[in-house]
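This report refers to the structure that appears directly beneath it.
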Amino acid sequence: MVRVGDEVSNKQVIFRDYVIGSPKESDMYLTTGTIKLKVPENSNAVLVKNLYLSCDPVMHFFMRKTTVLGYGVAKVLDSGHPEFKAGDLVWGITGWEEYTLITKTETLIKIQHTDVPLSYYTGILGMAGMTAYAGFYEVGAPKKGEYVYVSAASGAVGQLIGQFAKLEGCYVVGSAGSKEKVDLLKNKLGFDEAFNYKEEHDLNAALKRYFPEGIDVYFEHVGGKMLEAVLLNMRHHGRIATCGMISQYNLDEPEGIKNLIQILYKWIQMKGYTHRNYYHLYPKFLDLVLPYIREKKLVYVEDIVEGLESGPAALVGLFSGRNFGKQVVVVARE
């Protein structure tokens, strides 16, 4: 049993160098260092034991430093910060290691509700959930009866947006990259329709098939050829809420987008956003989502791997669609 003040070994995932292009498992390696389980004197840092780590496409932009950083769930072991004390459970940005001294504590949020799985705070009750909530209710704002399209719909954010849309009475179609993911969307997550974009030779024709009257709101997570096709199929006064373009992240030269003139012709609003703009709505978000989870009105699919050593493969797999649902790495369960 470790105690505050002990010096202990600390497994870590480290980048070998700056990552250029698509990340590979060989870009990362597992090493073991040591750490003293004590916050330095006169510091407002927080020392945590990491429990669950989140794999997110946005981590591509963190791959410019040696240390792997991402969202996670952790237990506070020692704290110099007045808002956190030993024993608190928190979620926020932490290191890919067993123990982390967090000096930038502004991302940390104390976990108050533990009657749901703690791993949910890497996803539905964490960054992904806030992203979906903000995108749906604050940016896209579909109304009952509108036609909603979600790309990357089986991912951490997409699966929630689709379910929010159904709860609000919308017609919802999602796209994903395998038959199994399409089945998940239609049979477990309640989407009206879904299709495998990899089997469609003409995305414009596919969207016309599923949206003969056009798309009112598109939740953009892909970019590239998908966005080009969506623009042709948007309705007048349509809205595009953009929080990701995963097809573009690892390209040396981002693709140009055709059909942008449709924004003018159809008076389309296209707005980019991230969860960071909406942290102030987190209590309101919990008030909406926690009852849905408890009443089983929201389903959340997780792809959980065990052990820090499984992290690199899980993270790399995101960019090829290997994951099935929200990708989570378990470091420790308590």
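All values reported here derive from a predicted model rather than from experimental measurement.
Judged purely by atom type and a 3.5 angstrom limit, Ser151 uses its side chain to pair as donor or acceptor with the backbone of His221. No donor-acceptor pair under 3.5 Å is formed between the side chain of Asn233 and the backbone N or O of Val230. Remark: side-chain polar atoms of Asn196 are paired, donor with acceptor, to backbone N or O of Lys198 under 3.5 angstrom. Between the side chain of Gln163 and the main chain of Val299, a donor-acceptor pair closer than 3.5 Å is present. With Glu220 contributing its side chain and Gly223 its backbone, the two residues share a donor-acceptor pair below 3.5 Å. Of the possible donor and acceptor atoms, one in the side chain of Asp202 sits under 3.5 Å from a partner among the backbone N and O of Ala205. Arg239 places a side-chain N or O within donor-acceptor distance of the main-chain N or O of Gly140, the cut-off being under 3.5 Å. Looking only at distances, no side-chain donor or acceptor of Asp303 sits under 3.5 Å from a matching main-chain atom of Gly325. Without hydrogens or angle criteria, Glu146 side chain to Lys143 main chain gives a donor-acceptor distance under 3.5 Å. Judged purely by atom type and a 3.5 angstrom limit, Arg322 uses its side chain to pair as donor or acceptor with the backbone of Ala313.
The shortest distance between side-chain heavy atoms of Leu290 and Val116 falls below 4.5 Å. At a threshold of 4.5 Å between non-hydrogen side-chain atoms, the residues Thr274 and Asn277 count as touching. Residues Asp183 and Glu180 form no side-chain contact, since every pair of their non-hydrogen atoms from C-beta on lies 4.5 Å or further apart. For the pair Leu51 and Leu89, the minimum side-chain heavy-atom distance is below 4.5 Å. Side-chain contact between Phe219 and Val148: present, with at least one pair of heavy atoms (C-beta onward) separated by less than 4.5 Å.
In terms of heavy atoms, Tyr99 sits closest to Ser9 at CE1-O, 3.9 Å. Considering all non-hydrogen atoms of both residues, Phe191 and Gly174 come closest at CD2-N, 3.5 Å. In plain terms, the two heavy atoms of Ser154 and Leu184 that are nearest each other are CB-CD2, 4.2 Å. Taking every heavy atom of both residues into account, Tyr147 and Gly214 meet most closely at CB-O, 3.5 Å. Taking every heavy atom of both residues into account, Tyr282 and Leu125 meet most closely at OH-O, 2.7 Å. Heavy-atom minimum distance, Leu318 versus Ile246: O-CD1, 4.1 Å.
Hydrophobic clustering, with ILVMFWY side chains joined whenever heavy atoms are under 4.5 angstrom apart, groups Leu260 together with Leu207. Both Met234 and Ile257 are part of a single hydrophobic cluster, where members link through side-chain heavy atoms under 4.5 Å apart. Linking ILVMFWY side-chain heavy atoms closer than 4.5 Å, directly or via other members, places Val305 and Tyr121 in a single hydrophobic cluster. Neither Ile93 nor Val48 shares a network with the other; the hydrophobic side chains, linked directly or stepwise wherever heavy atoms of I, L, V, M, F, W or Y lie under 4.5 Å apart, form separate groups for each. Both Val68 and Trp91 are members of a single hydrophobic cluster when ILVMFWY side chains are connected at heavy-atom separations under 4.5 Å.
The aromatic rings of Trp267 and His237 sit tilted relative to each other, their planes meeting at an angle between 30° and 60°. Using bins of under 30°, 30° to 60° and over 60° for the plane-to-plane angle, the ring pair Phe195/Tyr149 lands in the parallel bin.
In summary, the side chains of Thr107 and Tyr279 do not present any donor paired with an acceptor at a separation below 3.5 Å, with no hydrogens or angles considered. Side chains of Thr94 and Thr100: a donor on one and an acceptor on the other come within 3.5 Å.
Of the options Lys110, Lys49, Lys75, a salt bridge (Lys or Arg N to Asp or Glu O under 4.0 Å) to Asp88 is made by Lys110 and by none of the others. Evaluated for a side chain to side chain contact (heavy atoms under 4.5 Å, CB included) with Glu97, the options Val331, Asn50, Leu53, Ile14 yield exactly one hit, Asn50.
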Test salt bridge (Lys or Arg N to Asp or Glu O under 4.0 Å) applied to Glu213 and Lys208, step by step: CA-CA 8 Å; Glu213 297 182 53; Lys208 278 183 167 49; over 6 Å; no
Worked verdict on Tyr278 versus Thr131 for side-chain hydrogen bond (donor to acceptor under 3.5 Å, both in side chains): CA-CA 8 Å; Tyr278 298 96; Thr131 302; over 6 Å; no
Working for side-chain contact (heavy atoms from CB on, under 4.5 Å), residues Lys144 and Glu168: CA-CA 6 Å; Lys144 183 177 180 179; Glu168 295 297 326; over 6 Å; no
Test side-chain contact (heavy atoms from CB on, under 4.5 Å) applied to Leu203 and Tyr197, step by step: CA-CA 7 Å; Leu203 290 172; Tyr197 70 90; 4.2 Å; yes
Trace of the side-chain hydrogen bond (donor to acceptor under 3.5 Å, both in side chains) decision for Ser54 with Lys326: CA-CA 8 Å; Ser54 174; Lys326 170 63 189 174; 2.5 Å; yes
Audit row: Glu306, Arg333, salt bridge (Lys or Arg N to Asp or Glu O under 4.0 Å) steps and yes/no: CA-CA 10 Å; Glu306 297 281 342; Arg333 292 189 181 270; 2.3 Å; yes
side-chain contact (heavy atoms from CB on, under 4.5 Å) between Asp56 and Met127, worked out: CA-CA 9 Å; Asp56 299 297; Met127 185 266 283; 3.5 Å; yes
Check against side-chain hydrogen bond (donor to acceptor under 3.5 Å, both in side chains), His275 and Tyr71: CA-CA 13 Å; His275 66 287; Tyr71 284 90; 2.8 Å; yes
Worked check of side-chain contact (heavy atoms from CB on, under 4.5 Å) between Met270 and Tyr218: CA-CA 9 Å; Met270 185 172 180; Tyr218 170 47; over 6 Å; no
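Salt bridge status for Asp192 with Lys166: present, with a side-chain N to carboxylate O gap under 4.0 Å. We find that Arg294 and Asp115 are joined by a salt bridge, their nearest charged nitrogen and carboxylate oxygen being less than 4.0 Å apart. Taking 4.0 Å as the cut-off between side-chain N and carboxylate O, Glu138 and Lys271 do not count as a salt-bridged pair.
Taken to the nearest 0.5 Å, the CZ atom of Phe164 stands 10.5 Å off from the CD atom of Gln159. To the nearest 0.5 angstrom, Glu302 atom CD is 12.0 Å from Asn323 atom CG. Atom CG of Leu232 and atom NZ of Lys266 lie 6.5 Å apart (nearest 0.5 Å). The CD atom of Glu199 lies 9.0 Å from the OG atom of Ser178; values are rounded to the nearest 0.5 Å. Taking OG of Ser310 as the start and CG of Leu315 as the end, the distance is 12.5 Å to the nearest 0.5 Å. Atom NZ in Lys181 sits 11.0 Å away from atom OG in Ser175 (nearest 0.5 Å).
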Atom pairs and distances, side-chain donor-acceptor, residues 25-44, under 3.5 Å, sequence neighbours left out:
residue, atom, partner, partner atom, Å
Asp27, OD2, Lys24, N, 2.8
Ser43, OG, Ala45, N, 3.0

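Other residues, nucleotides and ligands contribute only 12 or fewer heavy atoms inside 6.0 Å of the CD atom of Gln269.
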